[in-house]
Amino acid sequence: MADFLEFYPLRRHNTFGFDVRARFAVHVRSEADLLAALADPRAQGLPLVVLGGGSNVVLTRDLDALVLLMEIPGYAVASADAAHLVTAGAGENWHALVSRTIADGLPGLENLALIPGTAGAAPIQNIGAYGVELRERFDSLRAFDRHSGEFVHLTLEQCQFAYRDSLFKREGRDRYIITAVTLRLPLPWQPVLGYAELARELAQDSAAHSTADRIRDAVIAIRSRKLPDPAQVGNAGSFFKNPVVGAEQRDALLVRYPDLVSHAQPDGSYKLAAGWLIDQCGFKGVSDGPVGVYGKQALVLVHHGGGTGQALLALAHRIADAVQARFGVRIEPEPVVL
Ligand code: EPU
């Protein structure tokens, strides 16, 4: 029988550090553990919540649910056509995985260094940073399909990745429980240095060539300067997605706001820097009791302790409303709200 923990405190299982409890929680260290938990009579009729590192959720209340704490380990490397394939258990820490692949001579994930969370959570929001998104390094994943009651193999195409989005945030949300992820690291390795801030950081490097470990170190340096360490202050990275607008709207905004930060997308639309929009509305560094906006990056909301997810969401709404009123653009939260 699975070891069900009753009224289990989740404060250490979400990087915001909100102090809520789960009706039941269970440590899932293997696929067998998962099946046992799902079959347990105590799980019947209860909603299911799957938590990896808890680095992309806002917990707003006690969860009358069975919380699966995904801790399945695993690391295996195979060779394929023009790529290394690395399979990681869903519970592997993402950053440790990035470092391990680089140490093993398997470059390709360096731009995604220091992203909090687990390998199994990475596909859910298609993590991305410094010019690389998970989907560009993704092969397939293994998941338990709650509809069929079977384990399934889902390909890149089936996961329907988009900017900070996937099948698992939409139709697949309560359907699949990811147990392992296979990454495809293309050969020959090509460094991705297009992100201006990363290029600047590496330009200070005296070495002639950017190796994967130099890129990883540069990404770590940039992230450490701009993003709060969840071990020090509660946060979930970017709280809002960068909004995408049409060329006409972007041009109109540019006339009124010549400093507007925007990036052209392949389809002719523009991604606006939500951090810039929020910053312009004067929210950077603002505190509302125990919750607030980080002082070095306006896109990040923080929890200093003793606050609630509801207070954080209230602040997020105020910010989104202010951005809407000023720029006519709606910014949407990135984390999953529970
Ligand atoms: N900016 C401001 N004020 C701020 C914050 C940003 O003016 O307070 C401006 C910056 O000067 C810059 C622009 O906004 O010109 C973009 O800022 P930055 O390079 O920091 O990137 P971002 O768009 O804010 C995105 C991702 C991050 C990722 C970085 C690097 C989203 C929602 N966020 O942030 O992802 O690390 O790019 O690729 O796409 C995350 O998803 O949790 C995350 C941290």
Side-chain angles (χ1 to χ4, degrees), residues 14-16 52-58 94-95 98 109-118 121-136 161-166 169 192-202 215-216 218-230 233-245 250 253-254 257-265 270-286 292-302 316 319-320 322-323 326-327 329-336:
N14 72 103
T15 57
F16 268 121
S55 57
N56 208 45
V57 287
V58 187
W94 176 262
H95 177 66
V98 171
L109 300 177
E110 52 283 350
N111 297 56
L112 302 175
L114 214 61
I115 297 180
T118 56
I124 295 175
Q125 61 150 330
N126 177 30
I127 57 170
Y130 305 101
V132 174
E133 282 188 4
L134 181 79
R135 63 174 154 186
E136 298 163 89
F161 292 120
Y163 168 61
R164 294 297 189 276
D165 195 31
S166 73
K169 280 185 118 177
V192 179
L193 305 172
Y195 204 90
E197 200 176 1
L198 180 58
R200 272 201 303 278
E201 185 78 21
L202 284 159
I215 296 171
R216 179 209 41 210
V219 167
I220 290 174
I222 299 170
R223 289 189 74 100
S224 309
R225 280 201 299 266
K226 296 176 73 153
L227 298 168
D229 176 356
V233 51
N235 77 94
S238 299
F239 193 85
F240 296 98
K241 294 189 234 188
N242 286 327
V244 177
V245 300
R250 178 261 189 181
L253 282 169
L254 206 53
Y257 305 98
D259 308 337
L260 180 82
V261 182
S262 67
H263 297 282
Q265 301 301 293
Y270 284 86
K271 206 184 256 180
L272 307 183
W276 185 88
L277 300 172
I278 297 166
D279 199 352
Q280 294 299 303
C281 293
F283 281 101
K284 194 155 148 178
V286 160
V293 181
Y294 192 53
K296 296 180 197 162
Q297 164 50 294
L299 200 47
V300 176
L301 300 192
V302 292
I319 294 171
V323 167
R326 174 122 178 225
F327 298 102
V329 175
R330 193 74 200 165
I331 51 172
E332 304 286 349
E334 187 192 82
V336 174

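Fair warning: this is a prediction, and the values are worked out from it, not measured in the lab. Atoms within each ligand, like the ligands themselves, are counted from 1 in listed order.
- Per-residue contacts place Gly237 under 4.0 angstrom from the following atoms of ligand 1 (heavy atoms of the residue considered): 42 (O).
- Taking all heavy atoms of Tyr195, Phe283, Tyr163 into account, the minimum distance to atom 30 (C) of ligand 1 is reached by Tyr195.
- Aromatic ring orientation, Tyr130 versus Tyr195: perpendicular (interplanar angle above 60°, classes split at 30° and 60°).
- Within a 4.0 Å radius of atom 10 (C) of ligand 1, the protein contributes no heavy atom.
- Atoms of ligand 1 lying under 4.0 Å from at least one heavy atom of Phe240, given by number and element, are 32 (C).
- Of the listed residues (Leu260, Val261, Ile115), the one carrying the non-hydrogen atom nearest atom 15 (O) of ligand 1 is Val261.
- Of all the heavy atoms of Gln125, none lies under 4.0 Å from any atom of ligand 1, so neither backbone nor side chain is involved.
- Salt bridge Glu201/Arg225: present, at least one basic N to carboxylate O contact under 4.0 Å.
- Residue contacts with ligand 1, taken as heavy atom pairs separated by less than 4.0 Å, involve Glu334 solely via side-chain atoms from C-beta onward.
- Close contacts of ligand 1 with Asn242, meaning ligand atoms under 4.0 Å from a residue heavy atom, involve 23 (O), 31 (C), 32 (C), 39 (O).
- Each of the atoms 13 (C), 14 (O), 16 (C) of ligand 1 lies under 4.0 Å from some heavy atom of Ala273.
- Against a heavy-atom cut-off of under 4.0 Å, Lys226 is close to the following atoms of ligand 1: 18 (P), 19 (O), 20 (O).
- Atom numbering of ligand 1 starts at 1 in the shown order; those under 4.0 Å from a heavy atom of Ala298 are 4 (C), 5 (C), 8 (O).
- Any N or O atom pair closer than 3.5 Å counts here, and Lys241 shares no such pair with ligand 1.
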